[in-house]
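Take a look at the structure set out below.
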Amino acid sequence: MLNSEETVKALNVMGEVFPNATTSLTKTDPFHFMLSVILSAQATDKAVNLVTPALFERYKTPVDLANASLPEVESYIKTLGLYRNKARFLVKCSQELLERFNGVVPKTRKELMSLTGVGRKTADVVLAECFGIPAFAVDTHVSRVAKRLAIVPPESDVLTIEKILMRKVPKDLWIKGHHRMIFWGRYQCMARNPKCETCPLLDICQEGQIRVMR
DNA sequence: AACTCGGGGCA
DNA sequence: TGCCCAGAGTT
């Protein structure tokens, strides 16, 4: 298992390969950014960025979305997967935002996660991107990369992975580390056919070495 | 813990 | 054409 120092070293190698690793979601105000993150579930950021300009032009405030009709919201996001769920999430989330938070996106993880459509990962991304509050959001890319590099045990669940990452990585590297692992998982260490042959982390990657052998 | 939503991206 | 995916809610 990689120790703290080795983990940071690996993250820094990722940073050299992807110096501009950051979210591709269009950054707007916290309200609209939070909605963008909700929409990005099981979809690419590119696909999300394609629909959000028209969507947010139509629904500028939480009040607008709270009173929206579901079919109309769906019509704006039909090119995304899971669009019926997502439309429902956006409307209900806006209603709850008005009822409980006076229409202002809250700045704690607990409050964010109390909103419909906002889970652990979305909450962490909003905290980090909107408010600069350190969080190590764990998604499928982060999970896969952490396991392959043996930063975490192979059977770890998401919460365990997050705990270990937050322990092994200094807080000021949480947000960057998240972005780097996302890029690593998307462009170097893909789920199906990872580019192990040209991987600069192959020497510390047990799974990669096994993969290259055969 | 398993199931469901779902069009896109990619082999 | 088939398979998986920058998740979260429900049961």
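Quick note on labels: first sequence line is chain A, next is B, and so on, each numbered from 1. Because the structure is a prediction, the values reported are computed rather than measured. Below, each value reflects all heavy atoms present in this structure, side chains not excepted, and no hydrogens, waters or symmetry copies.
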How are the rings of A:Phe18 and A:Tyr187 set relative to one another: parallel (under 30°), tilted (30 to 60°) or perpendicular (over 60°)? tilted
Identify whether any heavy atom of A:Ala191 sits under 4.0 Å from a base atom; if not, whether one sits that close to sugar-phosphate; answer base, sugar-phosphate or nothing. sugar-phosphate
Take a 6.0 Å sphere around CD of A:Glu111 and say whether it holds more than 12 heavy atoms from other residues, nucleotides or ligands. yes
To the nearest angstrom, how far is A:Leu159 atom CG from C:dA8 atom P? 12 Å
Just wondering, more than 12 heavy atoms not from A:Asp157 lying within 6.0 Å of its CG? yes
Note: A:Glu129-A:Lys27 ion pair, threshold 4.0 Å (strictly below): yes
Taking CG from A:Leu112 and P from C:dG7, how many angstroms apart are they, rounded to a whole number? 18 Å
Whole-angstrom distance between B:dG6 and C:dT11, as gauged at atom P: 16 Å
Backbone N/O of A:Val152 and side chain of A:Ser156: donor-acceptor pair under 3.5 Å: no
What residues from residues 33-44 of chain A pass a heavy-atom cutoff of under 4.0 Å to DNA chain C? A:Ser40, A:Ala41, A:Gln42, A:Ala43
Decide, yes or no, whether a salt bridge links A:Lys168 with A:Glu162 under the criterion of side-chain N to carboxylate O below 4.0 Å. no
Please test A:Ser114 against A:Arg100 for side chain to side chain donor-acceptor pair (under 3.5 Å), starting from the C-alpha separation and ending with a verdict. CA-CA 10 Å; A:Ser114 76; A:Arg100 305 209 308 269; 2.6 Å; yes
Side-chain (A:Thr61) to main-chain (A:Asp64) donor-acceptor, under 3.5 angstrom: yes
Here the distance between atom P of C:dG7 and atom CD1 of A:Ile182, to the nearest Å, is 8 Å
Rounding to a whole Å, what distance do you find between A:Met113:CE and C:dG7:P? 15 Å
With a sphere of 6.0 Å drawn around NZ of A:Lys176, does it hold more than 12 non-hydrogen atoms of other residues, nucleotides or ligands? no
Kindly give the heavy-atom pair with the smallest separation between A:Arg144 and A:Gly185, and that separation in Å. NH2-O, 2.8 Å
Can you tell me if A:Gln206 uses its side chain to pair, donor with acceptor, with the backbone of A:Ala150 under 3.5 Å? no
How long is the line joining CG of A:Leu50 and P of B:dG7, in whole Å? 16 Å
Below 4.0 angstrom, which residues in residues 82-101 of chain A have at least one non-hydrogen atom near DNA chain C? A:Leu82, A:Phe89
Starting at atom CE of A:Met190, determine the distance to atom P of B:dG8, rounded to an integer number of angstrom. 22 Å
Here the distance between atom P of C:dG7 and atom CD1 of A:Ile77, to the nearest Å, is 16 Å
Contacts to DNA chain C from residues 116-131 of chain A, heavy-atom cutoff under 4.0 Å, which residues? A:Thr116, A:Gly117, A:Val118, A:Gly119, A:Arg120, A:Lys121, A:Thr122
It should be established whether A:Thr79 places a side-chain nitrogen or oxygen under 4.0 Å from OP1 or OP2 of nucleotide B:dG8. no
Expressed as a whole number of angstroms, how long is the span from A:Asn193:CG to B:dG9:P? 19 Å
Provide the distance between the two P atoms, one in B:dC10 and one in C:dG7, to the nearest whole Å. 15 Å
Is the backbone of A:Phe136 close enough, under 3.5 Å, to the side chain of A:His178 for a donor and an acceptor to pair up by distance? no
